[in-house]
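Written below as structure tokens is the structure these notes are about.
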Amino acid sequence: MKEEKQELTPWDRVQIARARDRPTALDYISLIFRSFMEMHGDREFGDDPAIVGGLARIHHRNVTVIGQQKGRTTKENIKRNFGMPSPEGYRKALRLMKQAEKFHRPIICFVDTPGAFCGIEAEERGQGEAIARNLFEMSSLKVPVLSIVIGEGGSGGALALAVANQVWMLENSMYSILSPEGFASILWKDGKRADEAAAVMKCTAKDLKELGIIEKIIEEKEPVSIVNIESVANQMKKGIIEFLESYDGKTGEEIAEERYSRFRSF
């Protein structure tokens with residue numbers, strides 16, 4: 001008799017979402033898109049390696065691709081600030097989004113961050129304003145926006161790239177207002193109860209699909225890693241093409257109104 005696959009707990013999925021060998025935004029970009037040309041800088045302060053973005057092609061379309069980028073080694077993670085963007089990262093993302101709108105390019109975002117960087121220097125440069133500005137501006141963009149949570153989707157740091165017409169999640173990713181450790185520390189004054197918090201928070205793809213917060217779950221037959229990424233990337237590419245085709249013929253005003261109505265319905 002064939003043994004049934006053991007169901008993963010929410011905490012198991014949080015751990016998988018954080019795994020070091022989990023593919024990053026650049027891994028998916030290299031497999032899904034052609035002719036990716038990265039662009040740098042926010043035109044105000046500098047460039048933030050925790051957010052990558054630029055121009056690319058998929059199928060026969062030009063698109064703008066933006067992603068929160070973690071590292072795989074300690075050296076890479078230090079360079080990328082462990083995927084925690086600073087204000088200039090969010091301003092770079094917004095600059096690319098507004099450019100995409102100007103030239104009628106759809107926007108694809110890859111979300112993977114434990115949260116925005118909370119260091120004093122980020123606050124001095126306007127972290128809260130940068131995130132709030134993204135939320136405000138993204139809500140009225142007149143081009144289709146798709147956001148895909150590929151690992152961690154933490155707090156406003158994730159939402160700043162997720163005010164989209166549709167939000168998808170990989171099966172073993174998480175999307176929440178804060179980390180389970182933070183939740184447990186606030187609610188129970190004990191960060192060691194993070195496993196219990198993960199279950200209470202309803203932060204998994206399955207939970208959020210049932211609650212109507214996301215539109216689609218991308219299946220992982222086994223936890224995705226750099227070894228088996230191609231099957232998931234192919235599934236994702238097919239879905240992205242179908243998403244883009246579904247907006248053919250819609251006006252910018254209709255696209256923006258759909259996005260606005262989506263968030264108003266929560």
Interatomic distance, Trp168 atom CH2 to Ser173 atom OG [nearest 0.5 angstrom]
13.0 Å

Would you please name every residue forming a side chain to side chain contact (heavy atoms under 4.5 Å, CB included) with Arg125, sequence neighbours left out?
Phe45, Ser86, Pro87, Glu88, Glu121

Beyond-backbone contact of Leu146 with Ile240, side-chain heavy atoms, under 4.5 angstrom
yes

Say whether Asn172 and Glu220, considering side chains only, have a donor N or O and an acceptor N or O under 3.5 Å apart.
yes

Step-by-step side-chain hydrogen bond (donor to acceptor under 3.5 Å, both in side chains) determination, Asn77 to Thr74
CA-CA 5 Å; Asn77 266 317; Thr74 300; over 6 Å; no

Would you confirm whether Glu210, through its side chain, and Asp207, through its main-chain N or O, come within 3.5 Å as a donor-acceptor pair?
no

Approximate separation, where rounding is to 0.5 Å, of Met84 CE and Gln127 CD:
10.5 Å

Given side chains that start at C-beta, do those of Tyr175 and Thr204 come closer than 4.5 Å, heavy atoms only?
no

Would you check, one step at a time, whether the test salt bridge (charged side-chain N to carboxylate O under 4.0 Å, His left out) holds for Arg18 with Glu181?
CA-CA 13 Å; Arg18 294 170 171 173; Glu181 292 89 344; 2.8 Å; yes

By the side chain to side chain donor-acceptor pair (under 3.5 Å) test, which pairs, at least two apart or in different chains, include something from residues 182-194?
Arg193-Glu196

Kindly give the heavy-atom pair with the smallest separation between Ser147 and Ala162, and that separation in Å.
OG-CA, 3.4 Å

Is there a side-chain contact between Val143 and Met97 (heavy atoms, below 4.5 Å)?
no

What is the minimum heavy-atom distance between Ala194 and Pro180, and which atoms define it?
O-CB, 3.5 Å

Euclidean distance, Glu137 CD relative to Glu101 CD, rounded to 0.5 Å:
8.5 Å

State yes or no: do Leu161 and Ile131 share one hydrophobic cluster built from I, L, V, M, F, W and Y residues joined by side-chain heavy-atom distances below 4.5 Å, directly or via other members?
yes

Using the rule given for side chain to side chain contact (heavy atoms under 4.5 Å, CB included), can you reason through Lys70 versus Phe82, listing the C-alpha separation, both sets of side-chain angles and the distance that settles it, and then say yes or no?
CA-CA 5 Å; Lys70 292 181 177 179; Phe82 296 84; over 6 Å; no

Should the heavy atoms of other residues, nucleotides or ligands under 6.0 Å from NZ of Lys142 be counted, would the total exceed 12?
yes

Check whether any side-chain N or O of Arg22 sits under 3.5 Å from a backbone N or O of Pro223 as a donor-acceptor pair, and report yes or no.
no

Taking only residues two or more places apart in sequence or in another chain, which ones pass side chain to side chain donor-acceptor pair (under 3.5 Å) with Thr64?
Arg105

Check: His40 main-chain N/O paired with Arg95 side-chain donor or acceptor under 3.5 Å
yes

Taking only Lys NZ, Arg NE, NH1 and NH2, and the carboxylate oxygens of Asp or Glu, determine whether Arg133 and Glu129 approach each other closer than 4.0 Å.
yes

More than 12 foreign heavy atoms under 6.0 Å from CD1 of Ile120: is that the case here?
no

Straight-line distance of Leu178 CG to Phe183 CZ, nearest 0.5 Å
7.5 Å

According to a hydrophobic-cluster definition based on side-chain heavy atoms being under 4.5 Å apart (Ile, Leu, Val, Met, Phe, Trp, Tyr only), do Val52 and Met138 belong together?
no

Any side chain to side chain donor-acceptor pair (under 3.5 Å) pairs touching residues 234-247, not counting sequence neighbours?
Tyr247-Glu258

Quick one, Asp42 and Asp48 - any side-chain contact, counting heavy atoms below 4.5 Å?
no

Within the side chain of Arg57, is there an N or O that forms a donor-acceptor pair under 3.5 Å with the backbone of His60?
yes

Ionic contact status for Glu7 with Arg13, cut-off 4.0 Å
yes

Result block: side-chain N/O donor-acceptor pairs under 3.5 angstrom for residues 29-37, not counting sequence neighbours:
unit_1, atom_1, unit_2, atom_2, d
Ser30, OG, Leu26, O, 3.3
Ser30, OG, Asp27, O, 2.8
Arg34, NH2, His59, O, 2.8

So which atom in Gly67 and which in Ala25 form the shortest heavy-atom distance, rounded to 0.1 Å?
CA-CB, 4.0 Å

Check: Phe117 and Pro85 side chains under 4.5 Å, non-hydrogen atoms:
no

Flag, side chain of Arg20 to backbone of Thr73, donor-acceptor distance under 3.5 Å
no

Walk me through it: do Met39 and Leu55 pass the test side chain to side chain contact (heavy atoms under 4.5 Å, CB included)?
CA-CA 8 Å; Met39 305 182 80; Leu55 314 180; 4.0 Å; yes

How many angstroms lie between atom CD of Glu171 and atom CD1 of Ile218, to the nearest 0.5 angstrom?
10.5 Å

Can you run down the ring pair (Phe, Tyr, Trp, His ring centres under 6.0 Å) pairs that involve residues 194-229, sequence neighbours left out, and say none if there aren't any?
none

Is there a side-chain contact between Val163 and Arg259, using heavy atoms and a 4.5 Å cut-off?
yes

Within one Ile-Leu-Val-Met-Phe-Trp-Tyr cluster: Met201 and Leu187, side-chain cutoff 4.5 Å:
yes

Below 4.5 Å, heavy atoms only, C-beta onward: do Val149 and Asp112 meet side chain to side chain?
no

Give a yes or no answer on whether the side chain of Ser155 reaches the backbone of Gly157 with a donor-acceptor pair at less than 3.5 Å.
no

Full working for side chain to side chain contact (heavy atoms under 4.5 Å, CB included) between Met169 and Ile148:
CA-CA 6 Å; Met169 290 178 67; Ile148 306 172; over 6 Å; no

Just verifying a value: how many Å separate Lys221 NZ and Glu219 CD, rounded to the nearest 0.5 Å?
6.0 Å

Contact check, side chains of Glu152 and Thr113, non-hydrogen atoms, under 4.5 Å
no

May I ask you to check whether Phe263 and Phe266 place their ring centers less than 6.0 Å from one another?
yes

Heavy-atom closest contact (Gln69 atom, Thr24 atom, distance)
NE2-OG1, 3.0 Å

If you look at every heavy atom in Val14 and Ala198, which pair is closest and at what distance?
CG2-CB, 4.2 Å

Do you reckon Tyr90 sits in the same ILVMFWY cluster as Val167, going by side-chain contacts under 4.5 Å, direct or chained?
yes

Lys250, NZ atom: more than 12 neighbouring heavy atoms under 6.0 Å:
yes

To check you understand the geometry: which heavy-atom pair defines the closest contact between Pro49 and Arg80, and what is its length?
O-NH1, 2.8 Å

Side chain to side chain contact (heavy atoms under 4.5 Å, CB included) for Leu170 and Val224? Distances and angles first, verdict last.
CA-CA 9 Å; Leu170 286 179; Val224 64; 4.2 Å; yes

Asp47 bridged to Lys92 by N-O distance under 4.0 Å:
yes

Can you establish whether the number of heavy atoms outside Lys216 located under 6.0 Å from its atom NZ is more than 12?
yes

Same hydrophobic cluster for Leu244 and Phe110, using side-chain heavy-atom links shorter than 4.5 Å among ILVMFWY?
yes

